[in-house]
Amino acid sequence: MKGLILKLLKDTAPSYLSGEEIAGKLKISRTAVWKNIKSLQKSGYNVEGSPRLGYRLLEVPDLLYPAEISEGLKTRVIAKRPDLIHHFMEVDSTNNRLKELAEEGAPEGTVVIAEEQTGGKGRLGRTWISPRSKGIWLSVLLRPAKPLEEISVFTLLTAVAVARSIRNKFPGIVAGIKWPNDILIKGRKVCGILTELKAEADRLHYLITGIGLNFNSTDYDFPPELKGRATSILLENNGQLLHSRKELAGEILREMDVMYQKYLTSGSGEILLQWKTLNITLGREVTIQNLGETFSGKALDIDQCGALIVAGNDGKKKRFVAGEIITFGTGEAAH
Ligand code: BT5
């Protein structure tokens, strides 16, 4: 009901809508209208009430509420309905929260989004700095009926979606993908992706892709050790933001949905093509640490499964599956 009232107020803004009209349109009592308006105000919506004229919406809060993100979002799977988006002011990690929902049977396309993470995770137990309302910290649940060896493709898919979304909304920013899971702008990390999965033998139960994107962080929001290595959309766009966090979050979900549909219907071809266009890894000297081993060489290509092909200094080629893919719990496949 709150969402419906919000929609009516948005459609009418900046004009007033009387309590009576709202009650009539939604077939609810005037008291119910009043209660829902109070609840909207509590959530940060600036709704002005006038005894004579009714209500009007003056300002929408800069929070990633489902009703805000899903506005105009025409997706087929990912966040296809507002109730598939779960918003929290604070969680330990959106990946962890979504894992709980997945275990309870949440449908494919469920999204968890938080204003702040107190235990944001990177790969291999590393920390992801996620201060309140400074970025887009979200996770997406997918349940693709695909073989486990194609799992790396999902990190590539997400990286493509994020890089494309940044370029779509902020054309002045050139975001590039560093294999497997970083989005960089002028050599600094703006976004990291963490893919986790649950599988048994070769059967995939579900896959959670977490995205951490610094949006309006300034240098003060990063700890000293990240100075010069991390950046944000705000910092890269000369301190200006033409689009809001919620618009970029919506764009990322939309781009992910489009790429996911293409993947389901015609395989990884399009994702790999897009990835190759947006990457800043191929052709470069790289050092990869995988399962305690360090390997240096030239990044040549990625294969159909999203693995990176590197030519060592001795000329021998080696194939690396995205080492960032971590599994949950015990008895589940490790990558
Ligand atoms: C990543 O790990 O880059 C994956 C980060 C994924 C974060 C998202 S947020 C939503 C979802 N929920 C979670 O709990 N996680 C996901 P990795 O490649 O291991 O990089 C981690 C390293 O990046 C750290 O050790 C720092 O050096 C650096 N780092 C930490 N916070 C950062 C930030 N906000 N911006 C840029 N770099 C950061």
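Along the sequence shown, residues carry numbers from 1. All figures in this text were calculated on a predicted structure; none of them were measured in a lab. Whatever order the structure lists ligands and atoms in, that order sets their numbers, starting from 1. Side chains are part of it too, since the values below use all heavy atoms of this structure and drop only hydrogens, waters and symmetry mates.
Judged by distance alone, the side chain of Asn279 and the main-chain N or O of Lys276 form a donor-acceptor pair under 3.5 Å. A donor-acceptor pair under 3.5 Å is formed between the side chain of Arg245 and the backbone N or O of Asp62. In this structure, the side chain of Asp257 engages the main chain of Val77 through a donor-acceptor pair within 3.5 Å.
Scanning all protein heavy atoms for the shortest distance to atom 30 (C) of ligand 1 gives Thr127 O, 3.2 Å. Counting only heavy atoms of the protein, atom 10 (C) of ligand 1 lies nearest to Thr94 OG1, 3.1 Å. The protein heavy atom nearest to atom 1 (C) of ligand 1 is Asn181 ND2, 3.5 Å. The protein heavy atom nearest to atom 5 (C) of ligand 1 is Trp128 CE3, 3.5 Å. Looking only at protein heavy atoms, the nearest one to atom 26 (C) of ligand 1 is Leu226 CD2, 3.7 Å.
For ligand 1 and Ala230, the ligand atoms under 4.0 Å from any heavy atom of the residue are 35 (N), 36 (C). Remark: ligand 1 atoms within the under-4.0 Å shell around heavy atoms of Asn214 are 33 (C), 34 (N), 35 (N), 36 (C). Ligand 1 places these atoms under 4.0 Å from at least one heavy atom of Arg229: 27 (O). Of all atoms in ligand 1, numbered sequentially from 1 with element shown, those under 4.0 Å from a heavy atom of Ser93 are 12 (N), 13 (C), 14 (O). Set against the non-hydrogen atoms of Lys121, the atoms of ligand 1 under 4.0 Å away are 5 (C), 6 (C), 7 (C), 13 (C), 14 (O), 15 (N), 16 (C). Of all the atoms in ligand 1, the ones that sit under 4.0 Å from a non-hydrogen atom of Lys189 are 1 (C), 3 (O), 17 (P), 18 (O), 20 (O), 23 (O), 36 (C). Atoms of ligand 1 lying under 4.0 Å from any heavy atom of Leu138, numbered from 1 in the order shown and given with element: 10 (C). For ligand 1, the atoms closer than 4.0 angstrom to any heavy atom of Gly120 are 14 (O).
Ligand 1 has an N or O atom lying under 3.5 Å from an N or O atom of Ile129, backbone or side chain.
Identified under the ring pair (Phe, Tyr, Trp, His ring centres under 6.0 Å) test for residues 2-61, with sequence neighbours left out: Tyr45-Tyr65.
With Phe295 as the aromatic partner, Lys318 meets the cation-pi criteria of under 6.0 angstrom to the ring centre and within 45 degrees of the ring axis.
Between Leu207 and Glu196 there is no side-chain heavy-atom pair separated by less than 4.5 Å. By the 4.5 Å heavy-atom criterion applied to side chains, Val258 and Arg254 are counted as neighbours. Between Arg203 and Leu148, the closest side-chain pair of non-hydrogen atoms is not below 4.5 Å.
The aromatic rings of Tyr260 and Phe154 sit tilted relative to each other, their planes meeting at an angle between 30° and 60°.
Lys25 is linked by a side-chain hydrogen bond (donor to acceptor under 3.5 Å, both in side chains) to nothing, counting only residues two or more places apart in sequence or in another chain.
For atom 12 (N) of ligand 1, the candidate residues are Arg188, Gln117, Arg123; the nearest heavy-atom contact is made by Gln117.
With a heavy-atom cut-off of 4.0 Å, Arg126 touches ligand 1 through its side chain alone.
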